[in-house]
Amino acid sequence: LVVGVVLIGVAILASNARGLIEVVMVFNGTLNGPVLGVFLIGFFLPNCNLKGVWTGFIGSSVLTLWLAIGGMLYRRKNKMLPFSVEECDSFELFIIFCFLFRSFINSFYQISYTLYGTIGPVLCILLAVVVSCITGNQRIEEVSPKYVSSSVHKFFWTKEQINTIKQNEINLATFTSEDNQHEN
């Protein structure tokens with residue numbers, strides 16, 4: 001029953017799309033964008049906390065899904081405007097100006113489906129950073145530099161701190177392996 005409802009929904013959305021490639025790109029951008037955002041947060045921003053990451057993931061998933069469904073249902077075909085304003089008076093220019101600046105929501109749905117894969121990660125990262133700053137950033141002492149990209153180490157740790165952490169991890173690994181040998 002659930003699969004049938006989902007397939008009917010996909011069929012309705014696909015009937016409003018221009019082609020199969022658009023449907024595939026919309027689903028990929030909508031579903032994979034927030035996941036990419038979480039990966040980038042974990043790899044480049046060690047001071048984002050769990051609340052921020054989850055808020056970013058859920059918020060960007062909901063907003064990109066809303067954008068994708070609304071874009072497929074409410075996207076308008078573009079109308080060609082006149083190329084010349086020579087025969088227009090100022091009132092006609094005002095009407096053209098108002099036509100160009102439609103309501104925010106309707107213009108929001110006019111975003112190209114190829115950008116959904118970019119909107120998701122950017123939105124996820126922005127939400128995660130803001131919520132992490134509001135709720136208190138992750139303490140950098142609790143994060144091991146080996147799980148973070150080496151290109152951002154210099155922003156969060158000094159060389160001495162990195163060497164100390166590496167030495168502590170080596171000592172811990174040695175201590176753990178000695179305990180395992182004594183148990184056997």
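Note that this is a predicted model, so its numbers are computed, not measured.
- Side-chain contact between Val148 and Phe44 is absent, with no heavy atoms from C-beta onward closer than 4.5 Å.
- Considering all non-hydrogen atoms of both residues, Cys124 and Ser60 come closest at CB-OG, 3.4 Å.
- The cluster map of Ile, Leu, Val, Met, Phe, Trp and Tyr, joined by side-chain heavy atoms under 4.5 Å apart, puts Val2 and Leu65 in the same cluster.
- Note that OG1 of Thr118 is 12.0 Å distant from CG of Leu123, once rounded to the nearest 0.5 Å.
- In the hydrophobic clustering (ILVMFWY side chains linked at under 4.5 Å, chained through shared members), Ile134 is joined by Val130.
- In this view, Phe155 and Val152 satisfy the side chain to side chain contact (heavy atoms under 4.5 Å, CB included) rule, not counting sequence neighbours.
- In terms of hydrophobic clustering, with Ile, Leu, Val, Met, Phe, Trp and Tyr side chains grouped at heavy-atom distances under 4.5 Å, Ile111 and Ile69 are assigned to a common cluster.
- Taking CG of Leu127 as the start and CD1 of Ile41 as the end, the distance is 9.0 Å to the nearest 0.5 Å.
- Shown here are the ring pair (Phe, Tyr, Trp, His ring centres under 6.0 Å) partners of Phe43, two or more places apart in sequence or in another chain: Phe39.
- Residue Pro46 comes nearest to Phe156 through the heavy atom pair CD-CE1, 3.4 Å, listed as atom of the first residue, atom of the second, then distance.
- Under the rule for a side chain to side chain contact (heavy atoms under 4.5 Å, CB included), the partners of Val35 that lie at least two apart in sequence or sit in another chain are Phe57.
- Applying the side chain to side chain contact (heavy atoms under 4.5 Å, CB included) criterion to Asn163, with sequence neighbours excluded, gives no partner residue.
- Judged purely by atom type and a 3.5 angstrom limit, Ser112 has no side-chain atom pairing as donor or acceptor with the backbone of Leu115.
- Hydrophobic clustering, with ILVMFWY side chains joined whenever heavy atoms are under 4.5 angstrom apart, keeps Leu126 apart from Leu67.
- Distance CG/Leu50 to OG1/Thr55: 9.0 Å, rounded to 0.5 Å.
- Taken together through direct or relayed side-chain contacts under 4.5 Å among Ile, Leu, Val, Met, Phe, Trp and Tyr, Val6 and Val26 form part of one hydrophobic cluster.
- Taking the side chain to side chain contact (heavy atoms under 4.5 Å, CB included) definition, one finds that Val129 meets it with Leu45, Cys48, Ile125, Cys133, sequence neighbours left out.
- Atom CE of residue Met25 and atom OG1 of residue Thr30 lie 10.5 Å apart, to the nearest 0.5 angstrom.
- In this structure, Thr64 and Pro34 approach most closely via the heavy-atom pair OG1-CG, 4.2 Å.
- By the criterion of side-chain heavy atoms lying less than 4.5 angstrom apart, applied directly or through intervening Ile, Leu, Val, Met, Phe, Trp or Tyr residues, Val38 is grouped together with Leu40 in one hydrophobic cluster.
- In summary, the side chains of Asn137 and Ser132 do not present any donor paired with an acceptor at a separation below 3.5 Å, with no hydrogens or angles considered.
- Without hydrogens or angle criteria, Asn28 side chain to Gly117 main chain gives no donor-acceptor distance under 3.5 Å.
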